[in-house]
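Let me begin by presenting the structure, written as structure tokens, before commenting on it.
Excluded from the calculations below are hydrogen atoms, water molecules and symmetry mates; all remaining heavy atoms, backbone and side chain alike, are included.
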Amino acid sequence: MSPPFWLPALLTIFLAVCIGIFLNRLAQIVGLLLAGRARDSRWDHLGARVRSLLVNGILQAKVYRSAAVGLLHSFIFWAFVILGVSIVEITAQGYQPGWQIPLPPVLYGPLYFVEELVALLAIVGIGMALFRRYVVRPKKLMHEGFLDATIVLLFILGIVTSLLLFNASEHALGIARDKDAKLISSFLATVSIVQTNPEFYWWVFWAAHVVLLFTFLAYVLYSKHSHIVFALANSFFIDLEPKGALKPIDLEKTEAFGAHRVEQLSLRSLLDGFACTECGRCTDNCPANATGKPLDPMRIITNMRDTLLQQGPAIVAARTEGLSDMFQTVHTEDGIWACTTCYACVYECPVLNEHVPKIIDMRRHMVLMEGKMPPEAQETMRKIEQNYNPWGIGWDQRGRWADGMYIPQLSDGGRYLYLFWVGCAGSFDDRNRKVVQAFARILQRVGVPFAILGSEEKCTGDPARRIGNEYLFQQMARSNVETLNKYGVKRIVTCCPHCFNTLKNEYPEFGGTYEVIHHSQLLDTLLRDGKIRPTREVSELITHHDSCYLGRYNDIFEEPRDVLLKLPGAKLVEMSRCRDKGFCCGAGGARMWMEETVGEKVNHRRLSHVEATGAGVVATACPYCLIMFDDAAKTKNREDIRRYDIAELVERAM
């Protein structure tokens, strides 16, 4: 068969128009991304970046955190990858019917078999996706991107179906190559309409395939499926810094702190908007959103993208006066304050979007540029400034918890294996004093040499940094680093995951590099080494609550559980939301110091997860979590559920 004389010219024009539309849109988006003022260079550690591109971009490892969704998505994704050969071949046949990509003959059969199998799986995947959207209708997918997603799915359905019917037409015409490998189209040739007029339908399905394919190419960067292109870039330009480390601000050289306009974000931050799949996993896993707070992590990303597209021309032309800021177009201030920085949104995102740093940047603008923060948070900042702790108790009383325990201080001189960083909660909160006392007694009993700083210890600055007060955080950090370095501290152990995260991941930026371990890690080591020998029964059904700053931020999930499992008589039961899918206690992100007046309290929801297990004890390894569980149990009249830190349970077993 020869193509009509006019077809090659018409096909060339059509392809040129579609490819031109795609490239023009791509250039427009790249130009907008480059308008970001903040620079966040991510070309270091190329090996790690390429590995992330392969694992997260190509193999899509994070998509499979939801197994069923990952399966249907993989059917569709691999159709795009593997059908690339058929796309080239079928398009070229508009110029020269019968043309094949030059390959060794032995490869054609397996290639065509895989192509048709993948096309069939893509149809199955699209059917599953449409069923999920129109029958199951999960809340996280019911948003304004719903119609766009359906259009894209129908495009893909048309592309793979027309491919199979085109191949079926070749079978009916008797011109199919490697026909034994094309089992699916061979079957379709006997049962579909193509057998009635094979040559006519050969051209019909050829045209359908090419038109749908290149029309989709022209459309894709105008749709939410721009993630097909930009998610790969996101997976390469990942943040290789520790998850718990926020980017510092140069307070001396920076004129505008934080961000209240989209162009104040970095190129990588803006890229998130075009990489977003609008799957809703971030919002679905957000504890603030789940308890009725006005926070929607997905909307932060998509509204940021839409704002950039709307304001982009004015931004590029430097005509930004009068343009709406992000608190009007991206997210409300109330929603930004509701964030607990639990990291669930970032952890669950299949395309590695970074929600929390954007939220902190918006908080930094409100706090440092406008002097805005909730009234109770202002009081907390004042207490840290005056007494170096959020409780506001005199700094000179920081070591009072250790009275009568004969615990040395670094200022006394001597050599010690560990500095025990007590933290503000262990020093000033009545409930958590019992925890640090229990841990200290354990160390004394097993002969681990340690000392404390006493009144020289100050708040690490975590609450200040998470609330957006970078200035106060840096004051605390520099002061503490100076003290630690003065004593030549090498190893630090702490019971507080927030102190642990700050000391380990954020202080190196300020000259403080130490070996920092959490008390759950040290207890686990001492138990494994036989230095702690629990002999008393702890006959309890225990459920463990994962601190966000210990678990998702620092990947410490097993050590607290290993400690509990080594206690005689203890039985462990897991909550439905545990480990890296855990649910926040509600205290992170400086929410510990802010009133929770909208919706259900986060700690109340978390206590309901404990109630569902039937456990009589909830164990934690975080002072904030312990405070939040105590508050929830008392408020909900569930004091029959007892609350302990793991150190208290270990001491009880000794």
**Message:** Any side-chain to backbone donor/acceptor pair from Arg261 onto Ser324? Under 3.5 Å, distance only.
**Reply:** yes
**Fill in**
Nearest heavy-atom approach of Gly614 to Leu541 is O-CD2, 3.8 Å
**Asked** Does Gly551 offer a backbone N or O that forms a donor-acceptor pair with the side chain of Asp546 under 3.5 Å?
**Response** no
**Asked** Is the distance between the ring centroids of Phe629 and His545 under 6.0 Å?
**Response** yes
**Prompt:** Are Lys601 and Glu595 close enough for a salt bridge, meaning some N to O gap below 4.0 Å?
**Reply:** no
**Request:** Look at Lys571 together with Glu540 and state whether they make a salt bridge at an N to O cut-off of under 4.0 Å.
**Result:** no
**Prompt:** Are Tyr549 and Thr341 close enough, and set up right, to give a side-chain hydrogen bond (donor to acceptor under 3.5 Å, both in side chains), and what steps lead you there?
**Reply:** CA-CA 9 Å; Tyr549 275 71; Thr341 65; 2.7 Å; yes
**Request:** For a salt bridge (Lys or Arg N to Asp or Glu O under 4.0 Å) with Glu348, tell me which candidate from Arg65, Arg281, Arg577 qualifies.
**Result:** Arg65
**Prompt:** Can you tell me if Asn285 uses its side chain to pair, donor with acceptor, with the backbone of Cys345 under 3.5 Å?
**Reply:** no
**Pairwise side-chain contact, Glu457 with Trp421, heavy-atom cut-off 4.5 Å (strictly under)** = yes
**Exercise: identify the closest heavy-atom pair between Val538 and Ala653** = CG2-CB, 3.7 Å
**Message:** Ring centroids only, cut at 6.0 angstrom: are Phe583 and His609 within range, meaning strictly under it?
**Reply:** yes
**Item:** SB check Glu574 Arg561 (cutoff 4.0 Å)
**Value:** yes
**Request:** Establish, from distance only, whether the side-chain atoms of Arg382 and Gln386 form a donor-acceptor pair under 3.5 Å.
**Result:** yes
**Complete:** Residues passing the side chain to side chain donor-acceptor pair (under 3.5 Å) test with Arg363, sequence neighbours excluded, are none
**Message:** Can you list everything that forms a side-chain contact (heavy atoms from CB on, under 4.5 Å) with Arg431? Sequence neighbours excluded, please.
**Reply:** Asp429, Lys434, Val435, Leu626, Asp630, Tyr644, Glu648
**Message:** Can you list everything that forms a side-chain contact (heavy atoms from CB on, under 4.5 Å) with Phe450? Sequence neighbours excluded, please.
**Reply:** Ile407, Tyr418, Phe420, Ala440, Leu443, Gln444
**Asked** Is it the case that more than 12 heavy atoms not belonging to Tyr471 sit under 6.0 Å from its OH atom?
**Response** no
**Prompt:** Does a salt bridge link Asp640 with Arg638, judged by any charged N lying under 4.0 Å from a carboxylate O?
**Reply:** yes
**Message:** So does Gln328 get a backbone contact from the side chain of Thr332, meaning a donor-acceptor N/O pair under 3.5 Å?
**Reply:** no
**Message:** Salt bridge check, Glu611 against Lys636: does any charged N sit closer than 4.0 Å to a carboxylate O?
**Reply:** yes
**Item:** Salt bridge flag under 4.0 Å for residues Lys358 and Asp272
**Value:** yes
**Asked** Do His365 and Asp325 have side-chain N/O donor and acceptor atoms under 3.5 Å apart?
**Response** no
**Request:** Identify, with sequence neighbours excluded, every residue that meets side chain to side chain donor-acceptor pair (under 3.5 Å) alongside Glu470.
**Result:** Arg364, Arg465, Gln474
**Prompt:** In terms of side-chain heavy atoms, does Asn554 have a donor or acceptor partner in Asn505 at a distance below 3.5 Å?
**Reply:** yes
**Prompt:** Going by an N to O cut-off under 4.0 Å, is there a salt bridge joining Arg528 and Asp562?
**Reply:** no
**Message:** What I want to find out is whether Glu278 reaches Arg133 closely enough, with some N-O distance under 4.0 Å, to be called a salt bridge.
**Reply:** no
**Test item: Asn469 side-chain N/O and Ala464 main-chain N/O as donor-acceptor pair under 3.5 Å** = no
**Item:** Any donor-acceptor N/O pair, Asn432 side chain to Gly426 backbone, under 3.5 Å
**Value:** no
**Message:** Could you check whether any side-chain N or O of Asp529 sits under 3.5 Å from a backbone N or O of Lys531, counting only pairs where one atom can act as donor and the other as acceptor?
**Reply:** no
**Message:** Any salt bridge linking Arg433 with Asp430? Criterion: basic side-chain nitrogen under 4.0 Å from a carboxylate oxygen.
**Reply:** yes
**Prompt:** Minimum heavy-atom separation for Gly569 to Glu537, with atom names?
**Reply:** CA-OE1, 3.3 Å
**Asked** Does any N or O in the side chain of Thr283 come within less than 3.5 Å of the main-chain N or O of Met298, such that one atom is a donor and the other an acceptor?
**Response** yes
**Prompt:** Under 6.0 Å from the six-membered ring centre of Tyr347 and within 45° of its axis: does the NZ or CZ of Lys62 meet both?
**Reply:** yes
**Item:** Shortest non-hydrogen contact between Thr340 and Cys584, atoms and distance
**Value:** OG1-SG, 3.4 Å
**Message:** Would you say CZ of Arg642 has more than 12 non-hydrogen atoms from neighbouring residues, nucleotides or ligands within 6.0 angstrom?
**Reply:** yes
**Asked** Do any N or O atoms from the side chain of His518 and from the backbone of Ala621 form a donor-acceptor pair under 3.5 angstrom?
**Response** yes
**Request:** List in chain and number order the residues that pass side-chain contact (heavy atoms from CB on, under 4.5 Å) with Ser455, two or more places apart in sequence or in another chain; answer none if no residue qualifies.
**Result:** Trp395
**Prompt:** Okay, side chain of Arg533, backbone of Met654: is any donor-acceptor separation there less than 3.5 Å?
**Reply:** no
**Item:** Rounded distance (nearest 0.5 Å) linking atom CG of Asn56 with atom SG of Cys349
**Value:** 10.0 Å
**Asked** Is it the case that Arg299 and Thr302 place a side-chain donor and acceptor less than 3.5 Å from each other?
**Response** yes
**Message:** Once side chain to side chain donor-acceptor pair (under 3.5 Å) is applied, do any residues pair with Thr291, and if so which ones, sequence neighbours excluded?
**Reply:** Lys293
**Message:** I'd like to know whether Glu456 forms a salt bridge (Lys or Arg N to Asp or Glu O under 4.0 Å) with Arg398, so could you lay out the CA-CA distance, the side-chain angles of the two residues, the decisive distance to 0.1 Å, and finally the verdict.
**Reply:** CA-CA 8 Å; Glu456 290 187 272; Arg398 187 176 278 273; over 6 Å; no
**Asked** So, Asp462 and Asn501: side-chain donor and acceptor under 3.5 Å apart, yes or no?
**Response** no
**Message:** Using a 6.0 Å cut-off, check whether atom CG of Asn637 has over 12 heavy atoms from anything other than its own residue.
**Reply:** no
**Student check: side-chain heavy atoms of Ile542 and Val573 closer than 4.5 Å** = no
**Request:** Determine the interplanar angle of the Phe473 and Tyr507 rings, folded into 0 to 90°, and report it as parallel if under 30°, tilted if 30 to 60°, perpendicular if over 60°.
**Result:** tilted
**Message:** So which atom in Val367 and which in Ile467 form the shortest heavy-atom distance, rounded to 0.1 Å?
**Reply:** CG2-O, 3.4 Å
**Item:** Glu515 bridged to Lys504 by N-O distance under 4.0 Å
**Value:** no
